[in-house]
Student: 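Dumping the structure here so I can ask a few things about it.
Throughout, a chain's letter reflects where its sequence line sits, starting with A, and its residues are numbered from 1. Below, all heavy atoms of this structure are taken into account, side chains as well, without hydrogens, waters or symmetry copies.
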Protein chains: 2
Amino acid sequence: MTHPRTQNKDAYTLILEAIDLGVYKPGDRLVESDLADRFGVSRTPIREALQRLETQSLLTRDGRSLIVASLDHNQLAELYAVRSELEGLAARLAARHATQEEVRVLQEMVSDDRALIGDANGLARANRRFHKMIHLASHNRFLVQQLDMVHRSMALMATTSLAAEGRGEVALQEHQAIVTAIKARNEDAAYDALKRHISKAFETRLKLSADR
Amino acid sequence: MTHPRTQNKDAYTLILEAIDLGVYKPGDRLVESDLADRFGVSRTPIREALQRLETQSLLTRDGRSLIVASLDHNQLAELYAVRSELEGLAARLAARHATQEEVRVLQEMVSDDRALIGDANGLARANRRFHKMIHLASHNRFLVQQLDMVHRSMALMATTSLAAEGRGEVALQEHQAIVTAIKARNEDAAYDALKRHISKAFETRLKLSADR
DNA sequence: AGTCAATGGTTTGCTTGCAACTTACGCCGG
DNA sequence: CCGGCGTAAGTTGCAAGCAAACCATTGACT
């Protein structure tokens, strides 16, 4: 059997998850008919999903066929440059526009996440939720969309910076600083705190890359 | 006759241009079979083009069918907030990374464009080229891509701010200020100059909207 | 007369099949 | 033995057709 037919997700989501889980790694070639067999649908929905993923730069063309995009060192740096600016903007706008309820949820998240220290997977999920919440608190749909795109591209990186020893605790402290700034409606402080946070994460990731 | 068959562009480009030219206006419903007839191809490539446009937020779903997205006042403000930050970042990075050749081309563009004052269409094209050049001079592929997306969304706005009386000259002065800052490798000045430029353009556009 | 249901037409989503192109392998010649 | 060319297999791009969901209009029943 190929796959449980009880999948109610569309081809796009299925392929995206497969990339996320590392089933398809950067450089792998994606063949329409293979995916069609694998997911039990015809080539057409697969084609549409592949095109969407291509426009989001998760796939790239090598001649006529599509391969999973890969990030070299330069592209990683470029991605982080854009990310830190956009996340900084999100923090600034969140400090300006977040509702009291959103601020309280952010504070709760940071407090609750302390329980996850040591659990790299849990922390990674919690981290995504935290940043997503800040994006939403900016109340800027375009920004949310652009940041979604940035985060999707980050799926092309194998490991998360939270895998580094001790990074979890430090990251949580940084999260707390961000929330504190937003709570105080201090836009500049929120911007700086988030930018520094991303900067630190990038540094940590660089060290990880150098280890291999 | 439907359309000259000598079209060598793909469905995506054709539909995008049609939106750009205002053939399809915000709110218009796009029916696959209509487009297929119009461009003389089958529904399949049309579907793929529509999906790409949807992922870029140029189209949006209304129930089951696709309509051209429209920007209300809030979304316009949100778009400009993101744009000014990204363009500012591009200017900063251009000041840091532009080659001497790129700087010279930018300077030439500003000088040459003085001849276009009064020609709103020509200025609009020249303006797009100028900003695109700055994006490229940032030497950051992700940033270029994100800014492409922003500029595509701007196709949903009917008029350009350069249509306003006297805006052309002022815009050129602002362009010169940006180039001067980049030439001097002054990152902060370039960032500020471009941010102010976008800010001014937004103001001008707001006045235009209020006129109707 | 009003409301609900049924039916016809429209539009989307998917499958299947075909044609064009690319790539790779093998064969032949140097 | 190596290189170039031809052919065959594989893969993508496109078209046409079919089934299912949706919309609206009309008709029947309360």
Student: In this structure, how many angstroms lie between the P atom of dT16(C) and the CZ atom of Arg43(A), rounded?
Tutor: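 One finds 12 Å between P of dT16(C) and CZ of Arg43(A), rounded.
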Student: Return the value, rounded to whole Å, for the distance between atom OH of Tyr12(B) and atom P of dC14(D).
Tutor: 16 Å
Student: Say whether Gln51(B) and Tyr12(B), considering side chains only, have a donor N or O and an acceptor N or O under 3.5 Å apart.
Tutor: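 The answer is no; no qualifying pair exists.
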Student: Round to a whole Å and report the spacing from CG of Leu14(B) to C1' of dC14(D).
Tutor: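 The distance from CG of Leu14(B) to C1' of dC14(D) comes to 15 Å, rounded to the nearest Å.
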Student: Quick check for you: to the nearest 0.5 Å, what is the distance between Asn127(A) atom CG and Arg167(A) atom CZ?
Tutor: 8.5 Å
Student: For dG13(D), does either OP1 or OP2 sit under 4.0 Å from a side-chain N or O belonging to Arg64(A)?
Tutor: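 No, no such contact exists.
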Student: With nearest nucleotide decided by heavy atoms, which residue, Ser65(A) or Ser42(B), maps closer to the 5′ end of DNA chain D?
Tutor: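 This one resolves to Ser65(A).
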Student: Mind calculating the distance between CZ (Arg47(A)) and P (dG13(C)) to the nearest angstrom?
Tutor: 16 Å
Student: What is the distance, rounded to the nearest whole Å, between atom CD of Glu32(A) and atom P of dT16(C)?
Tutor: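 Atom CD in Glu32(A) sits about 15 Å away from atom P in dT16(C).
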Student: Just how far, in rounded Å, is P of dT12(C) from CG of Asp10(A)?
Tutor: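 Rounding to the nearest Å, CG of Asp10(A) and P of dT12(C) are 18 Å apart.
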Student: Scan side-chain atoms only and decide if Glu102(B) and His139(B) contain a donor-acceptor pair under the 3.5 Å cut-off.
Tutor: yes
Student: Given that Arg29(B) and Glu48(A) both sit by DNA chain C, which one's nearest nucleotide is further toward the 5' end?
Tutor: Arg29(B)
Student: Please state how far atom CD in Gln51(A) lies from atom C1' in dG13(C), giving the value in whole angstrom units.
Tutor: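 Going from CD in Gln51(A) over to C1' in dG13(C) covers 16 Å.
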Student: According to a strict under-4.0 Å criterion, is Arg61(A) in side-chain N/O contact with OP1 or OP2 of dG13(D)?
Tutor: yes
Student: Looking for any heavy atom pair under 4.0 Å, which part of the strands does Ile46(B) touch: base, sugar-phosphate only, or nothing?
Tutor: nothing
Student: Regarding Thr13(B) and Asp10(B), is there a side-chain donor-to-acceptor distance under 3.5 Å anywhere?
Tutor: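 The answer is yes; a qualifying pair exists.
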Student: For Asp34(A) and dG10(D), what is the distance between atoms CG and C1' respectively, to the nearest whole Å?
Tutor: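 Whole-Å distance recorded here is 11 Å.
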Student: Remember a base hit wins even if backbone is also touched, and classify Leu66(B) as base, sugar-phosphate or nothing at under 4.0 Å, heavy atoms.
Tutor: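 Nothing: the residue Leu66(B), judged by heavy atoms under 4.0 Å, touches no strand.
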Student: Is it true that Arg196(A) and Glu174(A) have a side-chain N and a carboxylate O under 4.0 angstrom from each other?
Tutor: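 No, this pair does not count.
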Student: Taking the side chain of Val41(B) as heavy atoms from C-beta outward, which of dA15(D), dG13(C), dT12(D) is closest to it?
Tutor: dA15(D)
Student: What I want to check is whether an N or O donor and acceptor connect the side chain of Thr44(B) with the base of dA15(D) at under 3.5 Å.
Tutor: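 Donor-acceptor pair under 3.5 Å: yes.
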